[in-house]
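Here's the structure we're looking at; comments come further down.
Below, each value reflects all heavy atoms present in this structure, side chains not excepted, and no hydrogens, waters or symmetry copies. When a residue number appears, it is its place in the shown sequence, counting from 1. We count ligands from 1, going down the list as the structure has it; atoms in each ligand are counted the same way.
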Amino acid sequence: MKRIGVLTSGGDAPGMNAAVRAVVRKAIFHDIEVFGIYQGYQGLMNGKIEKLELGSVGDIIHRGGTILQSARCDEFKTKAGQQQGIEQLRAHQIEGLVVIGGDGSYRGAKALTELGFPCIGIPGTIDNDIPGTDFTIGFDTAMNTVLDVIDKIRDTATSHERTFVIEVMGRGAGDLALWTGLAGGAETIIIPEEKFEMKDIVDRLKKGNERGKKHSIIIVAEGVMSGVEFASKVQAETNFETRASVLGHMQRGGSPTAADRVLASRFGARAVELLLDGKGGRAVGIKENHLIDYDIVEALTSEHQLNLKLYDLSKELSI
Ligand code: F6P
């Protein structure tokens with residue numbers, strides 16, 4: 001393999017730049033040329049492809065977003081779109097592709113591999129919802145961003161003796177809500193993976209109030225319901241002054257944490273090694289702090305397992 005490509009796709013995540021850097025540097029270290037494909041699969045179809053040098057990825061390890069930009073591309077879900085992508089790759093004599101993104105990006109990588117073009121998936125999403133890996137790039141940074149907000153909201157919640165509902169991202173997964181709720185000492189965490197009873201939440205809030213608690217923080221995963229809607233239900237049922245805070249896309253930005261930079265660097269280098277070994281249709285991941293790679297189909301067909309022990313723990317610690 002003499003030339004490879006790299007793209008970022010789907011929702012961006014802090015640490016994607018560190019992964020791009022690792023792919024480029026590792027490949028050049030092995031005398032392989034690297035081409036950056038801009039704007040995800042959309043850019044691939046449109047031939048937005050440029051050679052990357054060592055200096056192209058200088059000074060990006062600490063930057064959020066992705067220098068390659070990203071896009072969500074429906075056209076690439078079609079065979080015609082995928083063929084167009086392969087034609088572009090062949091026109092640039094690119095022989096393997098590293099795709100950094102979430103499950104939608106993996107679906108594209110799998111399709112290209114099945115059409116005879118080897119691709120490796122690197123999990124990059126703040127949602128941490130890719131099956132087969134304990135962590136995805138961006139999750140740690142997003143957690144710290146959310147945590148910073150929880151700590152700040154706690155200050156004002158105490159001053160005003162209010163209940164706060166904080167809605168966090170995660171699409172259909174509750175990881176970001178669960179981990180930040182536990183780390184932020186939330187009284188209640190509501191995630192799609194676990195049923196909840198409004199009565200239990202109200203009882204818990206009232207009990208806390210009776211023992212003199214100055215505030216309560218409820219974290220709601222966006223996959224359950226809107227934080228604004230939930231806050232008005234809470235206020236109606238408790239009569240406690242309740243406010244909602246919807247964090248939104250700020251969770252996707254910012255400089256990646258050390259953990260995300262290291263993870264991204266390890267994933268990027270492993271992806272290049274796999275292509276050098278002539279492998280395609282693999283996803284890289286991390287399990288119990290060991291790098292792994294596995295069939296990308298597994299990442300698309302098995303279910304993401306949220307760590308429910310953390311959920312039980314959060315309940316025990318927030319009595
Ligand atoms: O997958 C990352 C994510 O931020 C999800 O948490 C969220 O549901 C979604 O992307 C938002 O997508 P968009 O940026 O396209 O609105």
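- Ion pairing of Glu237 with Lys199 is absent here, as no side-chain N (NZ or NE/NH1/NH2) approaches a carboxylate O to less than 4.0 Å.
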| query | salt bridge (charged side-chain N to carboxylate O under 4.0 Å, His left out) between Lys2 and Glu33: does it pass, once the steps are laid out? | reply | CA-CA 6 Å; Lys2 281 281 155 235; Glu33 289 182 305; over 6 Å; no
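- A salt bridge links Asp74 with Lys77: at least one charged nitrogen is closer than 4.0 Å to a carboxylate oxygen.
- Listed by chain and residue number, Phe196 satisfy the ring pair (Phe, Tyr, Trp, His ring centres under 6.0 Å) test with Phe230 (two or more places apart in sequence, or in another chain).
- Screening Leu68, Leu89, Val6 for a side-chain contact (heavy atoms from CB on, under 4.5 Å) involving Ile37 leaves a single residue, Leu89.
- Closer than 4.0 angstrom to ligand 1 by heavy atom are Arg72, Thr125, Asp127, Met169, Gly170, Arg171, Glu222, His249, Arg252, sorted by chain and number.
- Ionic pairing of Arg162 and Glu241 is present here: one or more N-O contacts between side-chain nitrogen and carboxylate oxygen are shorter than 4.0 angstrom.
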